[in-house]
Protein chains: 4
Amino acid sequence: MQSRTPASRPGRPRSATADAAILAATREALVELGWSKLTLQDVAMRAGVAKTTLYRRWAGKNELVVDAVAELFDELRLPDAGSLAADIEGVVLQFAALLDRPECRSGLMAVVAESTRDEPLRERIRASVVERQKRLVVEGRSRAQARGELPPESDPEESARTIDLTFDMVAGAVVHRTLVSGKPADGPWIRSFIRVLLLGLSAPA
Amino acid sequence: MQSRTPASRPGRPRSATADAAILAATREALVELGWSKLTLQDVAMRAGVAKTTLYRRWAGKNELVVDAVAELFDELRLPDAGSLAADIEGVVLQFAALLDRPECRSGLMAVVAESTRDEPLRERIRASVVERQKRLVVEGRSRAQARGELPPESDPEESARTIDLTFDMVAGAVVHRTLVSGKPADGPWIRSFIRVLLLGLSAPA
Amino acid sequence: MQSRTPASRPGRPRSATADAAILAATREALVELGWSKLTLQDVAMRAGVAKTTLYRRWAGKNELVVDAVAELFDELRLPDAGSLAADIEGVVLQFAALLDRPECRSGLMAVVAESTRDEPLRERIRASVVERQKRLVVEGRSRAQARGELPPESDPEESARTIDLTFDMVAGAVVHRTLVSGKPADGPWIRSFIRVLLLGLSAPA
Amino acid sequence: MQSRTPASRPGRPRSATADAAILAATREALVELGWSKLTLQDVAMRAGVAKTTLYRRWAGKNELVVDAVAELFDELRLPDAGSLAADIEGVVLQFAALLDRPECRSGLMAVVAESTRDEPLRERIRASVVERQKRLVVEGRSRAQARGELPPESDPEESARTIDLTFDMVAGAVVHRTLVSGKPADGPWIRSFIRVLLLGLSAPA
DNA sequence: GCATAACCGAGACGGTACGTCACGTCTTCGA
DNA sequence: TCGAAGACGTGACGTACCGTCTCGGTTATGC
């Protein structure tokens with residue numbers, strides 16, 4: 001099988017499929033081994049790739065896992081269920097399901113832990129996971145404001161603060177419930193959580 | 001009648017001072033190296049203790065770190081500041097300060113991450129950190145109920161659920177704010193967080 | 001001053017049965033584990049004795065094994081089979097059988113090897129094994145001289161040299177055959193060996 | 001047609017100089033520490049090589065020491081001193097000198113001792129030391145037969161038995177004299193030994 | 001007859017080496 | 001020119017024994 005652009009560069013062209021194979025192999029290894037027993041050696045073997053290829057593209061295990069996990073979060077969708085409460089319930093259920101997948105549980109908290117002593121890693125997480133998914137809060141809020149369920153924005157700076165607070169509260173509570181308390185973030189729990197949250201958020205500032 | 005007096009066991013008893021020295025050395029190593037670069041070798045050296053002594057008392061790095069970090073949480077106190085909001089603000093400030101200490105940041109999330117694949121470890125965390133500190137929520141609630149700031153308990157089961165929810169929301173939000181969003185859980189943020197929280201919690205069920 | 005009367009010492013006397021149990025346990029461990037995997041820990045356990053008891057009586061593994069093996073050599077007997085050749089054949093067969101017992105094979109060469117860097121150990125081996133068994137050569141010679149099979153002694157110094165040479169040749173050849181060449185020192189081999197040996201020894205000086 | 005050319009294997013080839021450095025370091029360590037205190041850790045350090053490199057090439061301490069010692073034996077030469085007795089005296093003197101070198105004393109008996117419980121090790125010793133040096137006996141015999149000092153071979157099987165016997169008697173006696181009796185295998189002893197040996201061997205079967 | 005003193009078992013202690021594993025780098029060959 | 005294969009130095013792992021040291025408890029003699 002000849003390459004697609006034979007005249008573009010001399011030498012052997014880079015394998016186009018390698019990146020996807022590596023990230024998939026990383027998730028597979030996370031499922032079977034967890035973060036602390038995951039090995040670049042092993043990932044390379046699963047991906048059918050040499051160890052050196054990994055080191056050419058990622059600085060280390062942490063960066064690789066962030067990229068592998070970040071892809072999972074793009075699957076989240078904000079449903080339009082008719083009300084703010086129902087919308088949130090929908091997305092939180094998806095989030096809880098995501099946190100139940102072992103490739104996510106194992107990897108996410110581990111890289112967050114590593115990021116406490118590695119500022120570039122924290123930035124990478126923020127950029128490719130946190131800020132990227134804040135879209136869900138933004139969209140949910142504007143949809144609720146259109147419905148009149150939330151007061152319209154006054155100050156844009158105040159608005160950003162509220163979005164941040166909402167995101168920290170939702171993500172934090174679900175993560176804590178799931179990974180620390182070790183209890184399921186199921187329908188009843190989510191509904192009681194949303195009740196408390198919305199009562200607070202919908203009150204006039 | 002207590003039959004489990006360890007003094008009755010034959011053989012040389014374990015050094016009483018070693019435990020404290022080891023836990024202190026662990027925290028010191030967490031500050032300087034972080035969880036992933038922390039080595040039992042190194043901890044033993046800092047504590048002036050042989051590596052084998054560590055393995056005699058703890059199953060591994062995870063268990064050791066849990067115990068070292070758990071001691072920090074016992075420093076938390078619920079102040080009596082006159083109102084529920086002020087009480088919470090006080091304790092959350094302490095919690096935020098704790099999460100700012102590198103021995104806590106590095107260690108806590110890491111063992112939580114490990115616990116996603118290690119049920120006994122999760123139980124150890126729950127018992128020596130989570131359940132142990134739930135006392136703060138319980139005391140804060142009963143104090144607020146005495147003041148009339150919260151409705152009195154009706155169903156004890158319902159009460160337990162509320163305590164759990166409160167704990168997950170408070171701890172989760174502060175942790176997420178501090179370690180994931182990477183922004184300070186300072187006075188203004190805490191006050192806006194408490195406003196939302198208390199509006200939701202104080203509403204009649 | 002009474003130093004050689006252990007009965008007069010105050011305090012609890014050493015257990016008399018312990019020594020025998022320890023040496024037997026040592027041989028048992030040699031059979032099962034061999035010298036290099038033999039552990040004082042393990043010997044103590046087998047003998048139903050504390051590790052400290054071993055250290056009170058022997059300086060270390062080497063000394064213990066020498067004593068355990070030396071006892072085996074006292075079982076050797078010089079048979080009276082009517083001729084020098086037959087006498088030697090009888091004792092060499094016994095010696096070969098001894099070297100086939102694993103507690104002897106494993107232990108003997110190992111302590112000889114250790115003794116190359118431990119002069120006191122070499123002396124202990126010499127005293128409790130080599131010189132002690134030289135009795136067999138001495139008795140065999142004098143019996144053969146009485147029969148007229150060997151020339152009578154002239155110079156006592158010359159005689160000592162011949163005894164030493166004979167012992168080195170007999171013991172050396174059997175050990176080398178058995179342990180290095182790894183072939184059995186059986187009847188045919190022994191007879192051809194004795195033929196060569198006696199032709200040389202019986203010739204006039 | 002040689003297909004086992006190691007040059008054709010993929011990947012980085014093994015360092016050629018490492019083997020020699022490791023064996024030399026092993027002998028050096030044998031001189032200074034003896035077999036039982038010799039450490040692969042230490043050998044690796046002396047050779048300027050990582051411990052893992054040792055384990056990649058040798059199964060353990062025993063195999064390494066066999067190879068290190070075997071090289072020493074290739075230095076033995078059979079001199080042509082004009083007569084069988086003088087030839088033997090020459091080579092036995094060399095052998096005795098070899099057994100006086102601490103790297104040989106310490107190592108040789110130790111691996112022989114280990115080989116009593118390790119059949120592959122015994123084979124390795126046999127192949128790389130015993131059988132390899134039997135050349136000296138073979139050459140000495142044929143030279144003596146050419147001179148008419150020994151009867152010519154009749155039966156080739158009988159001849160093999162005689163070679164084996166000779167080797168066991170010579171090597172065994174010298175080793176026993178040197179390492180067990182702890183007395184020097186010097187000129188006078190060697191000559192009296194050879195007298196006995198040759199009288200026996202030169203007699204007609 | 002009862003204190004004294006050496007013994008005993010048990011087992012924790014500071015060490016040291018083990019043999020393995022993964023790291024991240026390097027060298028070689030083949031495509 | 002890139003990638004696979006794999007050897008390399010490094011360093012931590014968790015285990016096993018070492019030889020020493022407390023412990024509480026057990027015999028013997030000798031005052």
Side-chain angles (χ1 to χ4, degrees), chain A residues 3 9-15 18 36-45 48-57 59-61, chain B residues 7-16 18 36-45 47-61, chain C residues 6-15 18 37-45 47-61, chain D residues 6-16 18 36-45 47-61:
Chain A
S3 74
R9 266 194 308 183
R12 182 169 171 175
R14 268 195 174 179
S15 163
S36 66
K37 298 198 183 298
L38 179 148
T39 285
L40 292 202
Q41 197 99 278
D42 186 83
V43 170
M45 209 127 52
V49 140
K51 205 170 41 156
T52 39
T53 301
L54 283 183
Y55 283 104
R56 246 175 243 122
R57 305 183 187 195
K61 182 162 141 174
Chain B
S8 68
R9 290 190 314 180
R12 178 172 171 176
R14 291 195 169 162
S15 162
S36 65
K37 298 199 183 299
L38 180 149
T39 286
L40 292 203
Q41 204 105 290
D42 184 83
V43 170
M45 209 130 51
V49 140
K51 197 172 48 150
T52 44
T53 299
L54 284 184
Y55 283 103
R56 256 177 232 118
R57 307 184 184 200
W58 284 276
K61 181 162 141 175
Chain C
S8 69
R9 287 190 310 181
R12 178 174 174 176
R14 288 191 173 163
S15 162
K37 298 198 183 296
L38 180 148
T39 285
L40 292 203
Q41 200 101 281
D42 185 82
V43 170
M45 208 125 53
V49 139
K51 201 171 42 153
T52 40
T53 301
L54 282 183
Y55 282 103
R56 248 176 242 121
R57 306 182 186 199
W58 284 276
K61 180 164 142 175
Chain D
S8 70
R9 290 189 315 180
R12 177 174 173 175
R14 288 194 170 163
S15 162
S36 66
K37 297 199 184 299
L38 180 148
T39 284
L40 292 204
Q41 205 105 289
D42 184 83
V43 169
M45 208 131 49
V49 140
K51 196 172 47 151
T52 44
T53 298
L54 285 184
Y55 283 103
R56 259 178 227 118
R57 305 182 185 201
W58 284 277
K61 181 163 141 174

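The chains referred to below are lettered A, B, ... by the order of the sequence lines, with proteins before strands, and numbering in each begins at 1. Bear in mind that the values here come from a model prediction, so they are computed numbers and not experimental data. Computed over heavy atoms, backbone and side chain alike; hydrogens, waters and symmetry mates excluded.
Qualifying salt bridge (Lys or Arg N to Asp or Glu O under 4.0 Å) partners for R14(B), counting only residues two or more places apart in sequence or in other chains: none. Every side-chain contact (heavy atoms from CB on, under 4.5 Å) that T39(D) has, sequence neighbours left out, goes to Q41(D), D42(D). Under the side-chain hydrogen bond (donor to acceptor under 3.5 Å, both in side chains) criterion, T52(D) pairs with no residue at all, not counting sequence neighbours. Not a single side-chain hydrogen bond (donor to acceptor under 3.5 Å, both in side chains) links K61(B) to another residue, sequence neighbours left out. Residues passing the side-chain hydrogen bond (donor to acceptor under 3.5 Å, both in side chains) test with R57(B), sequence neighbours excluded: D19(B).
Judged by closest nucleotide on DNA chain E, R12(C) is the one of G60(A) and R12(C) placed further toward the 5' end. Positionally, the nearest nucleotide of DNA chain F for R57(D) lies more toward the 5' end than for the other of R57(D) and A59(C). Across the interface with DNA chain E, nearest-nucleotide mapping of G11(D) and G48(C) shows G48(C) to be the residue nearer the 5′ end.
Here dG24(F) presents its C1' atom at 14 Å from CZ of R9(B), a figure rounded to the nearest Å. M45(D) has its CE atom 18 Å from the P atom of dC8(F), to the nearest Å. Atom NZ of K61(D) and atom P of dC18(E) are 7 Å apart (whole Å).
Side-chain to base pairing of R14(C) with dC7(E): no donor and acceptor N or O lie closer than 3.5 Å to each other.
Residues L54(B) and L40(B) approach most closely at CD1-O, 3.4 Å, considering heavy atoms.
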I'd like a list of close polar pairs between nucleotides 15-17 of chain F and the protein, N/O only, cut-off under 3.5 Å.
unit_1	atom_1	unit_2	atom_2	d
dC17(F)	O5'	T39(C)	OG1	3.3

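For S15(D), no side-chain nitrogen or oxygen approaches OP1 or OP2 of dA7(F) to under 4.0 Å.
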